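Fair warning: this is a prediction, and the values are worked out from it, not measured in the lab. Numbering of ligands and ligand atoms starts at 1, following listing order. Positions are given from 1, in the same order as the sequence printed here.
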Amino acid sequence: MTQASNGPTVPPTEEELSRARLRLAVEGPVARITISRPERRNAMTGRTWTTLAHIGQTLPEDVRIVVISGEGDTFSAGIDLGMFSPEGVDGERSMVAGLADGTSTDAEVQDYIAGLQEGFLWLRRPDLVTVAAVRGHAIGAGFQLALSCDIRVLADDAQLCMKEPALGLVPDLTGTKPLVDIVGVNRAVEICLTARRVGAREAERLGLAELVVAPDELSGAVDDAVAALLATDREAATATKALLQQAAGNTLQQQAEAERGAQAGRLAALARGAAGH
Ligand code: ACO
């Protein structure tokens, strides 16, 4: 999930971003990604996610914070439903390409989905803190994109919905693990298998939102969070995120060992800094 050695080295062009319905603005340590297709409620296609992966692979090294939002008053209505038609969207590969006549194998479909998942996986990189700023609907893939971020700041009009099971699908864009990690398997089953909308206040109670604010306060609240995150030492932040990410899978002893290892590295760095080299 760190910068791929054999991946692209040049960021997507403006044309590629626009075809993927994305905007990207990098200012020093902060990258802002906006899903930009308000006339379709920011519905996304496969190209949106492969381009997101491309953005992740080519972020400038000094970027520490990534903020993802949707243009207008919706985060995202999820996958463009045209992706399930045989012809796809704008000539882009359809999700069901070759499945009806058996020309696509199961392995090919899984490879294709793996490529789409790359658009979501990099948001967990320990050297980044990723923030989803959510207004209005975050449905299906939109909810999974928000779940891929470290921090979710919601406007009080936000509605989260895991729609996939209602459409005969499973959530496959890396959202099931964070959902279960946050709300537990029982609540996750209830949310996914009813495909109901979870409002902002409930999301906050369930731990799905770190902060809920009025819609007109959303961008200010995100800016405040970004400023607070930037005030922390970068190396310490990276090491701490890595520690926190492994805590759930570790025993107490393993986690204590991981803390010692990380701290020894930090203390050595601080001592070198104090000694001026
Ligand atoms: N794919 C393609 N087009 C979409 C999508 C979508 N996911 N969502 C909205 N649109 C289009 C609508 O067709 C409509 O187009 P039109 O103006 O040509 O008629 C336009 O965006 C506006 O949509 P409305 O439904 O009119 O907007 P409204 O604000 O009333 O509702 C909402 C928004 C709730 C998001 C609704 O559009 C909706 O339920 N969309 C489908 C959500 C969905 O099922 N997503 C897939 C989930 S599964 C997954 O992501 C893997």
All side chain to side chain contact (heavy atoms under 4.5 Å, CB included) counterparts of S148, not counting sequence neighbours: F120, L123, R124, T174
Near ligand 1, at a heavy-atom separation below 4.0 Å: residues by chain and residue number: E39, R40, R41, A43, A77, G78, I79, D80, L81, H137, I139, G140, A141, K163, E164, L167, R197
CD/E39: more than 12 non-hydrogen atoms of other groups inside 6.0 Å: yes
Pairs where residues 172-197 contributes a residue and the test ring-ring contact (aromatic ring centres under 6.0 Å, His included) is met, not counting sequence neighbours: none
Check ion pair E204-R201 (N to O, under 4.0 angstrom): yes
Listing, residues 67-74 side-chain donor-acceptor contacts under 3.5 Å, not counting sequence neighbours, or none:
{"from": "E71", "atom 1": "OE1", "to": "R23", "atom 2": "NH2", "distance (Å)": "3.1"}
{"from": "E71", "atom 1": "OE1", "to": "S36", "atom 2": "OG", "distance (Å)": "2.4"}

Joint hydrophobic cluster, V134 plus V183, side-chain heavy atoms closer than 4.5 Å: yes
